[in-house]
J.: 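Dumping the structure here so I can ask a few things about it.
Every chain is numbered from 1, with letters handed out A, B, ... down the list of sequences. None of these values were measured; they are calculated from a predicted model.
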Amino acid sequence: MKIATWNVNSLRVRLPHVLNWLGQERPDVLAVQETKMTDPEFPVAELAEAGYRSVYSGQKTYNGVAVLSKLDPCDPITDPADFDDPQRRILAVTVADCRIVNLYVPNGGEVGSDKYAYKLNWLAKMRNCLRLELERHPRLVVLGDFNIAPEDRDVYDPESWREKILCSTPEREAFRALLDLGLTDAFRRFDQAEKSYTWWDYRLNAFRRNLGLRIDHILVSAPLAEDCLACRIDVEPRKLERPSDHAPVVAEFRA
DNA sequence: ATGGTCGAGCATCGA
């Protein structure tokens, strides 16, 4: 079982990259964020041609999440209780014996802004949702663009990012609070190269200089942590023409 | 201190 996450920054623009990557990597599940398209526009047929079923929760211009799966995804949830939110950032589905929660966590703008308050409130509500999901589904995967670099080693220049958005202490505490539910950061279960990142700003040749942050994550419940064989970042798609600013993250599981 | 690049959709916002 191979499960991946990728913020594609417009599925319309990135569909060729996504189809190529699915063809090479053949994950069982790909969670996508920032589709930036409405549901009627979703490229169901092209993905079906590639062997993937689509579940999606889209909106015009902003946000939008989807799960692409070889097997039929069931029991979708896009609007958990207490989330009165028109922004399409959440899509939970069940694939085989795994519950998969795909998240596009708010960016947060600047620390102290209204968007920042929205982000922290959103994360607090999400923690409650995930506690309930864990009660119902012992095999739980929570993945996506968290817009949080959990530790200084996940940041190319921790001092310049100190208490900035994506790195502030309240954001890191909110991330830690998700782990405290009984989730594990799959990437950190394995030896990894230093300076491993999933996002690089389009500006200033940031990717070429590896000025990145690790903000895309795959969190797994204890039974899945036991079964996790590998977790890696695939930087290859970030090298292509017209790339997303994010790289995919892939986790592999026994059976 | 500011902007730098993308994607959306047509001036500027969000990231």
J.: Which pairs of donor and acceptor atoms, one on a side chain in residues 247-255 of chain A, lie under 3.5 Å apart (sequence neighbours left out)?
T.:
residue  : atom : partner  : partner atom : Å
A:Glu252 : OE2  : A:Arg232 : NH1          : 2.9
A:Arg254 : NH2  : A:Glu226 : O            : 3.3

J.: Got a sec, which residues hit side chain to side chain donor-acceptor pair (under 3.5 Å) with A:Asp145, two or more places apart in sequence or on another chain?
T.: A:Asn7
J.: Rounded to the nearest Å, what distance is computed from the CG atom of residue A:Leu211 to the P atom of nucleotide B:dG4?
T.: 18 Å
J.: Measuring only the P atom in each nucleotide, how far is B:dG3 from B:dT12? A whole number of Å is fine.
T.: 15 Å
J.: A:Arg208 has an atom CZ; how far is it from atom P of B:dG4, in whole Å?
T.: 19 Å
J.: Counting only N and O atoms by type, is there a donor-acceptor contact under 3.5 Å from the side chain of A:Gln192 to the main-chain atoms of A:Phe187?
T.: yes
J.: Pick the P atom in B:dA8 and in B:dT2, then give their distance to the nearest Å.
T.: 29 Å
J.: With rounding to the nearest 0.5 Å, note down the distance linking NE2 in A:His17 to CZ in A:Arg242.
T.: 8.5 Å
J.: In whole angstrom, what separates A:Met37's CE from B:dG9's C1'?
T.: 15 Å
J.: Rounding to a whole Å, what distance do you find between A:Arg12:CZ and B:dC6:P?
T.: 19 Å
J.: For DNA chain B, what residues of residues 155-165 of chain A have any heavy atom nearer than 4.0 Å?
T.: none
J.: Quick one: is B:dA8 close enough that its OP1 or OP2 comes under 4.0 Å of any side-chain N or O from A:Ser10?
T.: yes
J.: Going through the distances and angles, do A:Ile218 and A:Thr5 end up as a side chain to side chain contact (heavy atoms under 4.5 Å, CB included)?
T.: CA-CA 8 Å; A:Ile218 300 177; A:Thr5 179; 3.9 Å; yes
J.: Could you measure between the two C1' atoms, the one in B:dG7 and the one in B:dA11, and give it in whole Å?
T.: 14 Å
J.: Do A:Ser113 and A:Tyr118 have side-chain atoms, one donor and one acceptor, less than 3.5 Å apart?
T.: no
J.: Less than 3.5 Å apart, which donor and acceptor atoms pair up between the side chains of residues 44-57 of chain A and the rest of the protein, not counting sequence neighbours?
T.:
residue : atom : partner : partner atom : Å
A:Tyr52 : OH   : A:Pro27 : O            : 2.6

J.: Are there any protein N/O atoms within less than 3.5 Å of an N/O atom in nucleotides 11-15 of chain B, and if so, which ones and at what distance?
T.:
residue : atom : partner  : partner atom : Å
B:dG14  : OP2  : A:Lys115 : NZ           : 3.3
B:dG14  : O5'  : A:Lys115 : NZ           : 3.4

J.: Taking the nucleotide of DNA chain B with the closest heavy atom to each, which residue, A:Leu204 or A:Glu41, is nearer the 5' end?
T.: A:Leu204
J.: Just checking, A:Lys125 and A:Phe83: is the charged tip under 6.0 Å from the six-membered ring centre and within 45° of the axis?
T.: yes
J.: Using the P atom in both, what is the distance from B:dG4 to B:dC13, to the nearest Å?
T.: 14 Å
J.: How far does the C1' atom of B:dC6 sit from the matching atom of B:dA1, given to the nearest Å?
T.: 23 Å
J.: If the condition is salt bridge (Lys or Arg N to Asp or Glu O under 4.0 Å), which residues does A:Arg12 pass it with, not counting sequence neighbours?
T.: A:Glu41
J.: OP1 or OP2 of B:dG7 versus the side-chain N and O atoms of A:Arg14: is any pair under 4.0 Å?
T.: yes
